[in-house]
Amino acid sequence: MENIISASLLGCNLADLKNEIKKAHDAKVDWLHFDVMDGCFVDNISFGLPVLKSIDKVTDMFLDVHLMIDKPEKYVEKFVDFGGDMVTFHLEATEKADEVINLIRSKGCKVGISIKPDTPAEAVFPFLDKVDMVLVMTVEPGFGGQAFIESTLSKISEIRNEITKRGLKVYLQVDGGINGETVKYVTEAGADVIVSGSYLFGASDMAQAVRSLR
Ligand code: DX5
Ligand code: ZN
């Protein structure tokens, strides 16, 4: 099976967003990954609802929203309304994970649940049959362009094994430090949705970079 490739817009030239989206589309990227940072859950602030709404107007591409925000229960419905096709939140950011899942689902949207590098695989097990995707962060969330953390590989395998054991169809996404080399390790470990920012948008030939991740 081929990997799904999700291009992280955090790595693009934001002053030229419309053309960068077209470039990703033409390079046969599958999804656009939209990183929302609130300055509380992570030590950085990126972009939010009005930008998502504007993007949704200029593309038909699948919008893969990654919320790195505290209390996602307050905002998830808006991220669906404004164009999200999959909304992923962090398990560490809320005490109401079931409620967040239900809120996203009730709007007819796909749901993802994410964990940071130090959160154990077992933390997502109670939610595996309620979500469409698990996102294993392969760097500490907050910034693009960081180095891949190798110790996350065993966690990817553990989650993939549990998904297989239960006979579920759940995407396993990885995000952070993925390039033509590290993609081999994560794919081998069982990931099937690959997020990449700096590697894709920094490539001289994006279509070739997409093929190397595929
Ligand atoms: C980091 C973000 C990532 C980031 C990936 O917190 O969630 O999506 O943009 O960037 P690269 O591919 O450069 O590591
Ligand atoms: Zn991300």
Side-chain angles (χ1 to χ4, degrees), residues 3-14 17 20-21 23-24 27 29-48 51-52 55 61-70 72 75-76 79 83-93 110-119 124 131-153 155-156 171-187 191-204 206 208-210 212-214:
N3 288 328
I4 289 173
I5 312 303
S6 191
S8 171
L9 293 172
L10 197 64
C12 84
N13 174 6
L14 291 169
L17 197 46
E20 293 283 66
I21 289 170
K23 190 171 144 189
V29 159
D30 302 294
W31 298 357
L32 293 174
H33 184 83
F34 188 80
D35 286 304
V36 182
M37 303 177 181
D38 65 350
C40 295
F41 182 70
V42 291
D43 287 332
N44 199 4
I45 298 175
S46 57
F47 33 66
V51 180
L52 182 65
I55 290 175
M61 289 178 76
F62 186 94
L63 300 178
D64 164 33
V65 176
H66 177 194
L67 296 180
M68 286 162 276
I69 64 172
D70 274 338
Y75 302 102
V76 285
F79 280 98
D85 293 299
M86 168 97 75
V87 172
T88 299
F89 67 98
H90 270 267
L91 196 49
E92 304 91 349
K110 288 191 166 28
V111 185
I113 191 162
S114 180
I115 50 174
K116 299 201 279 185
D118 289 340
T119 303
V124 300
V131 297
D132 299 287
M133 186 170 82
V134 174
L135 163 54
V136 173
M137 287 305 298
T138 44
V139 298
E140 284 300 333
F143 298 89
Q146 303 181 74
F148 175 76
I149 300 173
E150 268 190 41
S151 59
T152 58
L153 286 171
K155 189 157 64 174
I156 297 165
Y171 290 123
L172 186 45
Q173 183 176 61
V174 286
D175 181 11
I178 307 295
N179 54 41
E181 189 59 28
T182 52
V183 70
K184 296 176 199 160
Y185 315 141
V186 292
T187 305
D192 57 2
V193 182
I194 308 296
V195 176
S196 174
S198 47
Y199 176 70
L200 282 183
F201 285 103
S204 51
M206 195 193 279
Q208 170 54 36
V210 169
S212 75
L213 297 179
R214 185 86 67 197

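One-based numbering, in listed order, for ligands and for the atoms of each.
- In this structure, CG in L153 is found 9.0 Å from OH in Y185, a value given to the nearest 0.5 Å.
- You'll find the side chain of S8 stays beyond 4.5 Å of the side chain of S198, heavy atoms only.
- Around the Zn ion (ligand 2), the angle linking H33 (NE2) with H66 (ND1) is 100°, rounded to 10 degrees.
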Check your understanding: Could you walk me through whether D30 and V210 pass the side chain to side chain contact (heavy atoms under 4.5 Å, CB included) check?
Key -> CA-CA 9 Å; D30 302 294; V210 169; 6.0 Å; no
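- Residues F34 and F47 bring their aromatic ring centres within 6.0 Å.
- Here the N, O or S atom of D35 that is nearest to the Zn ion (ligand 2) is OD1.
- The backbone N or O of D192 sits nowhere less than 3.5 Å from a side-chain atom of Q173 that would complete a donor-acceptor pair.
- Nearest N/O/S atom of D175 with respect to the Zn ion (ligand 2) is recorded as OD2.
- Side chain of T119 to main chain of I115: no donor-acceptor pair is present (N/O by atom type, distance under 3.5 Å, no hydrogens or angles).
- Protein residues with any heavy atom under 4.0 Å from ligand 1: S8, L10, H33, D35, M37, H66, M68, M137, P141, G142, F143, G144, G145, D175, G176, G177, V195, S196, G197, S198.
- Under the 6.0 Å distance and 45° angle rule, K110 does not count as a cation-pi partner of Y171.
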